[in-house]
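Below: one structure, written as structure tokens.
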Amino acid sequence: MHSFVYRANVLLTFALTILALMCVIASFSDNFNFPSPSAEIQIVKFNGFQKKPPGNDEVSLTMNITADLQSLFTWNTKQLFIFVAAEYETPQNSLNQVSLWDAIIPAKEHAKFWIQTKNKYRFVDQGSNLRGKEFNLTLHWHVMPKTGKMFADKLVLSGFRLPEEHRRG
């Protein structure tokens with residue numbers, strides 16, 4: 001006859017094995033989701049474009065962000081972390097990325113939105129490289145699942161240009 005401790009151990013091991021198997025299946029099921037997020041970002045105005053000491057360019061802008069990220073949510077999605085980054089080239093670096101705004105979307109109901117906002121973080125370039133510069137605004141997202149691996153993707157929106165001259169906001 002087996003003791004109570006032995007039977008409890010077998011039951012606990014079996015339960016944890018089934019739980020682990022369910023987590024693997026849940027994580028694997030996300031591979032069958034083919035999301036189709038959409039977004040549009042418009043620059044409403046440049047609030048300021050200044051040369052700050054010791055010679056760095058700084059931009060302040062207002063933008064409209066419209067996005068439908070509901071297709072990124074599955075039954076296994078806990079939340080989304082999203083951010084908008086300005087991406088541009090300079091003679092010193094082939095890719096410069098500056099985060100302008102970010103948010104956490106906790107549920108599918110909040111994943112379709114429109115917001116007008118100023119850049120939350122400073123848009124600064126080390127040097128005087130921003131005048132008349134073309135740049136992209138890129139919406140990045142990180143899908144945080146309840147179980148399994150996190151994945152990230154982005155949507156690049158091009159065709160933006162900074163002013164030719166510095167001006168106060």
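Since this is a predicted model, take the numbers as computed values, not measurements.
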Exercise: identify the closest heavy-atom pair between [X] and [Y]:
X      : Y      : result
Tyr121 : Ser99  : CB-O, 3.3 Å
Pro106 : His110 : CG-CD2, 4.0 Å
Ser71  : Ser36  : OG-N, 2.9 Å

Min side-chain heavy-atom separation [X]-[Y] under 4.5 Å:
X      : Y      : value
Thr147 : Asn76  : yes
Arg131 : Pro163 : no
Met150 : Val143 : no
Trp141 : Leu155 : yes
Ile82  : Ile105 : yes
Leu72  : Thr77  : no
Glu40  : Ile65  : no
Ile43  : Phe160 : yes

Practice problem: Could you check Ser38 against Asp68 for side chain to side chain donor-acceptor pair (under 3.5 Å), going step by step and ending with a plain yes or no? | Solution: CA-CA 5 Å; Ser38 62; Asp68 183 358; 4.9 Å; no
Quiz item: Taking NZ, NE, NH1 and NH2 as the nitrogens, is one of them in Lys120 or Asp102 under 4.0 Å from a carboxylate oxygen of the other?
Solution: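 A salt bridge links Lys120 with Asp102.
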Quiz item: Applying ring pair (Phe, Tyr, Trp, His ring centres under 6.0 Å), which residue pairs with at least one partner in residues 56-81 are found, sequence neighbours left out?
Solution: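 Listed by first then second residue: Phe81-Phe83.
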Practice problem: Could you walk me through whether Val44 and Gln116 pass the side chain to side chain contact (heavy atoms under 4.5 Å, CB included) test, one step at a time? | Solution: CA-CA 9 Å; Val44 176; Gln116 183 174 71; 3.4 Å; yes
In Å and rounded to the nearest 0.5 Å, what is the [atom1] to [atom2] distance from [X] to [Y]?
X      : Y      : atom1 : atom2 : answer
Ile18  : Cys23  : CD1   : SG    : 11.5 Å
Asn96  : Thr90  : CG    : OG1   : 4.0 Å
Leu61  : Asn119 : CG    : CG    : 4.5 Å
Gln42  : Leu157 : CD    : CG    : 10.5 Å
Gln50  : Asn56  : CD    : CG    : 12.0 Å
His140 : Gln97  : NE2   : CD    : 5.0 Å

When you group the ILVMFWY residues by side-chain heavy-atom contacts below 4.5 Å and let the links chain together, are [Y] and [X] in the same group?
X      : Y      : answer
Phe113 : Leu139 : yes
Trp101 : Phe46  : yes
Leu100 : Ile115 : yes
Val84  : Val156 : no

Self-check item: Evaluation steps, side chain to side chain contact (heavy atoms under 4.5 Å, CB included), between Arg122 and Glu58
Solution: CA-CA 7 Å; Arg122 295 175 57 198; Glu58 182 174 343; 3.2 Å; yes
Practice problem: Decide if atom NZ of Lys146 counts as having more than 12 heavy atoms of other residues, nucleotides or ligands within a radius under 6.0 Å. | Solution: yes
Between [X] and [Y], do the side chains contain an N or O donor and an N or O acceptor separated by less than 3.5 Å?
X      : Y      : result
Tyr88  : Asp125 : yes
Asn136 : Glu87  : no
Asn33  : Thr74  : no

Practice problem: Could you note down all residue pairs passing side-chain hydrogen bond (donor to acceptor under 3.5 Å, both in side chains) where residues 155-165 supplies at least one of them, sequence neighbours left out? | Solution: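 Pairs touching residues 155-165 that pass the test: Glu134-Arg161.
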Quiz prompt | Chi angles and distances behind the side chain to side chain contact (heavy atoms under 4.5 Å, CB included) call for Val98, Val124 | solution = CA-CA 8 Å; Val98 180; Val124 177; over 6 Å; no
